4 protein chains.
Amino acid sequence: MQSDPDDHEENPRPRSRRLPRSVRERQILDAAVEVYAARGFHLASMDEISEVAGISKPMIYAYLGSKEELFVACIQREANRLIEAIGTAVDPEVTPDEQLWRGLRVFFDYVQRNRASWTLVHRQAAAGGEPFATEFGQWRERAVVLIATLLARATENAVRPMQVQQMEPFAAALVGAGESLLDWWIEHPEHTADGLAMRLMNLAWMGFGDLVEGRSWAPASSEAPANED
Amino acid sequence: MQSDPDDHEENPRPRSRRLPRSVRERQILDAAVEVYAARGFHLASMDEISEVAGISKPMIYAYLGSKEELFVACIQREANRLIEAIGTAVDPEVTPDEQLWRGLRVFFDYVQRNRASWTLVHRQAAAGGEPFATEFGQWRERAVVLIATLLARATENAVRPMQVQQMEPFAAALVGAGESLLDWWIEHPEHTADGLAMRLMNLAWMGFGDLVEGRSWAPASSEAPANED
Amino acid sequence: MQSDPDDHEENPRPRSRRLPRSVRERQILDAAVEVYAARGFHLASMDEISEVAGISKPMIYAYLGSKEELFVACIQREANRLIEAIGTAVDPEVTPDEQLWRGLRVFFDYVQRNRASWTLVHRQAAAGGEPFATEFGQWRERAVVLIATLLARATENAVRPMQVQQMEPFAAALVGAGESLLDWWIEHPEHTADGLAMRLMNLAWMGFGDLVEGRSWAPASSEAPANED
Amino acid sequence: MQSDPDDHEENPRPRSRRLPRSVRERQILDAAVEVYAARGFHLASMDEISEVAGISKPMIYAYLGSKEELFVACIQREANRLIEAIGTAVDPEVTPDEQLWRGLRVFFDYVQRNRASWTLVHRQAAAGGEPFATEFGQWRERAVVLIATLLARATENAVRPMQVQQMEPFAAALVGAGESLLDWWIEHPEHTADGLAMRLMNLAWMGFGDLVEGRSWAPASSEAPANED
DNA sequence: AATGAATGAGTCTTCATTCAT
DNA sequence: AATGAATGAAGACTCATTCAT
């Protein structure tokens, strides 16, 4: 009847009443992730979330607190999901490169399947200012450490083994490269998840391998690295 | 005298009247960038911007339009600045690796000096939803093409020269790696801009070099890199 | 164990089921008086009352009706208590001055021991607007008549005996003086209940005695006590 | 057309636009006193205040702050008005009894003419809980000290002169008696302001005079002033 | 040209009250 | 009989935007 694409529920779910708290909480979080991801924190309205969830606003407040607390709860849940998904790639039985490869595939795959989740954690959380920046920073840190650990383990039998800490900047770069490639992917959907994962794997693993084995690049000119604006 | 960091102007600029339009516009944009970067688009209020700029709100509307238009103007100006800064590295006289190296250094250096500008373009623009996502996408695209061109040129004399288009995913990954490293830098300020630039340069250039020369990584397992969905 | 003064029940009463209605009603009223007195009518929430009472909200509504009706019930119960307490002072066996004296002492004593009750009846009821102002007026009237009767009886054997009605303004003044003294007492707790009762007794009884015996004050200036408006 | 007695402005004041701030502030305060007095703090809505004032809500917030701050501003303005009115009675040229008499008349007269003001200061402020109770306490204190000073001065030439402090409980009682008499008056409007003022003057002045001159009442029975509940 | 004054519209949040189990 | 689950309705507060001077 109405075709306004912003209306979420022409026939709202029959609002099956009297459900246990845990179920409701999940419904709410699902709806909130969707709306927050689509609109961003500020443009998301509690009204819309409650509509999408098929639950009245007071229940949201009763179960999950303020708009801000709800947002944090969403970030945490989604960040955990993602980290856990990637964590499945960590299998001490296989070689480090295989682990990294699996991790990358899972990562690209997960994001492909859960755009909203990724947008929320990656974009909205990062831009939200103080209550959320912290949350975002923690998730980022976890991801970086996870990768850095993997990389360090890959050097265990190399000429010069590395500490996890030393690997962190590389891990951070790798995480960012993955994130960025995902964004780029949106505009170039002709590529496959595995194709991109492979490209990234190559770039990272080869460059990384060179470094571990002592091959490196250095500026040709001896010009002092001075730089004025 | 001013101790509260949130008070912008104890003695607001004397509001010297009758300035040429271009000066006024710059004042406004400067203030807007500052406020938008600090607070984010939604939390920034036109009141605060007008206070910081020392210009009354009606003038802002007269010169630069709505809050949204003002934000877009800010993004454009700052993105241009950054792209131009990096563009200085493009010098056909020097080798491609030197060009990339200079570009990275300028990039890290610029961001270090212009946090607000970077935050605005990188974070706020990306999360803002439709009017801004486009703007953000364009800036990202420009940056990627700039890098991809550089990379492609580096392969001109190699065994198999590459098209700019083929380089785009690598460029995107590289841009993202740089952005991410910048974020990571905030939490680990003991590193220098040149140190990080060097790490990234190495990772990218070495890995990239391997690929160009035909060395690559492939999964050990024979499982075909299938892609469902 | 409980250190936060706002937490009412760490281990809420075990909600022993199946209690006779009268007991439940008392529990509810006790809790309601406490909460209403502490927070005022509007800031008191039915949720808090039900928590303090250890009884679920639907029961409260079933037994005592709406929030408003519950408040009225509280006022009535507490006002009755107070009037009854003072009523014990009325003993035809003793002299009127002795009766007044006893009444005052009981009054000060009662209020000292039942601050919440007094606050509720005296302050909250009075400010609440229409449903409660009436209730408050009635209690005030009862108190005034009680005192006025006492005063009138004291003049029975005097030169000119007085009607109860004539005594009412004096009684009203006396009641108000007592109330006010109680407020003042809070800020000056170094005084004792009996000390204050004695002061008030003196002021009232002496002044009153003078009047009854025909001594009175009149304005020195001959300006007629005109009353405009 | 509509006869709803709660509609304040059928033909709202022509909203003469663009008035200076001070004028607007007065309009707002006037409206707020009216509404707060009629409804009480909680039932008063900012919407209604803005309607009565003929000014939009944002201006109220811009000029006078939150609902709470507005309430405090009202209390302060009205309390000051009242204290100032009574202060006019203080004239060192006339005798203390004359001063007290004038003060009482002004008091009764003022309240008669400014019911809303009085209700606000006397009732609503007192019941409002913490932010306002303090404000109320201060006004009460000022009134008590004003009266106590008067009373003390009246004893300067007496057998035993009194300190202001010693007079405070009497002053508090007197203030309360006046307040109470005013309430009582509402139900018995057949009395005149001067009539009531005279009654109170007599009660207070005669009783007080007795006390100053050493005549006092004491309990006949020697029973220890013990009192159990 | 420049601004203090003004507001419509919208959002978060709470609470008395009632159902369905 | 007793309660966890649920909501309609309402109110404080803010902000982009514009008018009248």
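Owing to the predicted nature of the structure, the values given are computational and were not obtained by experimental measurement. Below, all heavy atoms of this structure are taken into account, side chains as well, without hydrogens, waters or symmetry copies. To find a chain, count down the sequence lines: A is the first, B the second, and so on, and within it residues start at 1.
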Return the value, rounded to whole Å, for the distance between atom [atom1] of [X] and atom [atom2] of [N].
X	N	atom1	atom2	result
B/K67	F/dT14	NZ	C1'	11 Å
A/Y61	F/dG8	OH	P	16 Å
C/I60	E/dT18	CD1	P	13 Å
D/L19	F/dT21	CG	P	10 Å
A/L64	E/dT14	CG	P	14 Å
C/E48	E/dA16	CD	P	10 Å
D/L70	F/dC13	CG	P	10 Å
D/D47	F/dT14	CG	C1'	14 Å

Just to confirm, is there a sub-4.0 Å distance from OP1 or OP2 of E/dA1 to any side-chain nitrogen or oxygen of B/Y63?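 Result: no.
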When the nearest nucleotide of DNA chain F is assigned to B/E68 and to A/R21 on a heavy-atom basis, which residue is associated with the more 5' position?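 Result of the comparison: A/R21.
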Return the 5'-most residue of the pair B/F41, A/P20 with respect to DNA chain F, ranking by each residue's nearest nucleotide.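 Going by which nucleotide is closer to the 5' end, it is A/P20.
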From the options [options], select the nucleotide whose nearest atom is closest to the side chain of [X].
X	options	answer
B/S56	E/dA2, E/dT13, F/dA12	E/dA2
B/M46	F/dG11, F/dA16, E/dC19	F/dA16
A/S45	E/dA16, E/dT11, F/dC13	E/dT11
C/R24	F/dC13, E/dT21, F/dA2	F/dA2

Look only at the side chain of D/Q76 and the backbone of D/A73, and say whether a donor-acceptor pair between them is shorter than 3.5 Å.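 Checking the backbone N and O of D/A73 against the side chain of D/Q76, no donor-acceptor pair under 3.5 Å is found.
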Between the side chain of D/E69 and the main-chain N/O of D/S66, is any donor-acceptor distance below 3.5 Å?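 Yes.
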Identify, between C/S66 and D/K57, the residue whose nearest nucleotide on DNA chain E lies closer to the 5' end.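 Per heavy-atom nearest nucleotide, the more 5' residue is D/K57.
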Pick the closest DNA chain E nucleotide for C/P58 and for D/M59 by heavy atoms, then say which residue is nearer the 5' end.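 On the 5' side of the pair lies D/M59.
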Would you say that D/E34 contacts D/R39 through its side chain, given a criterion of any heavy-atom pair below 4.5 Å between the two side chains?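 No, their side chains stay 4.5 Å or more apart.
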Enumerate, in order of first residue number, the stems that involve DNA chain E, defined as 3 or more consecutive Watson-Crick or G-U wobble pairs with both distances under 3.5 Å.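 Expected stems, ordered by start: E:2-21 with F:2-21.
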Under a plain distance cut-off of 3.5 Å, with no hydrogens placed, do A/T134 and A/E130 share a side-chain donor-acceptor pair?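 Yes, because at least one side-chain N or O of A/E130 sits under 3.5 Å from a partner of the opposite role on A/T134.
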Quick one: closest heavy-atom pair of B/M46 and B/Y61, and the distance?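 The answer is CG-OH, 3.6 Å.
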Identified side chain to side chain contact (heavy atoms under 4.5 Å, CB included) partner of B/Y36 from the options B/E48, B/K67, B/H42: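 When side chain to side chain contact (heavy atoms under 4.5 Å, CB included) is applied between B/Y36 and each of B/E48, B/K67, B/H42, only B/K67 qualifies.
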Going by the angle between their ring planes, with limits at 30° and 60°, are A/F71 and A/F132 parallel, tilted or perpendicular?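 A/F71 vs A/F132 ring planes: perpendicular.
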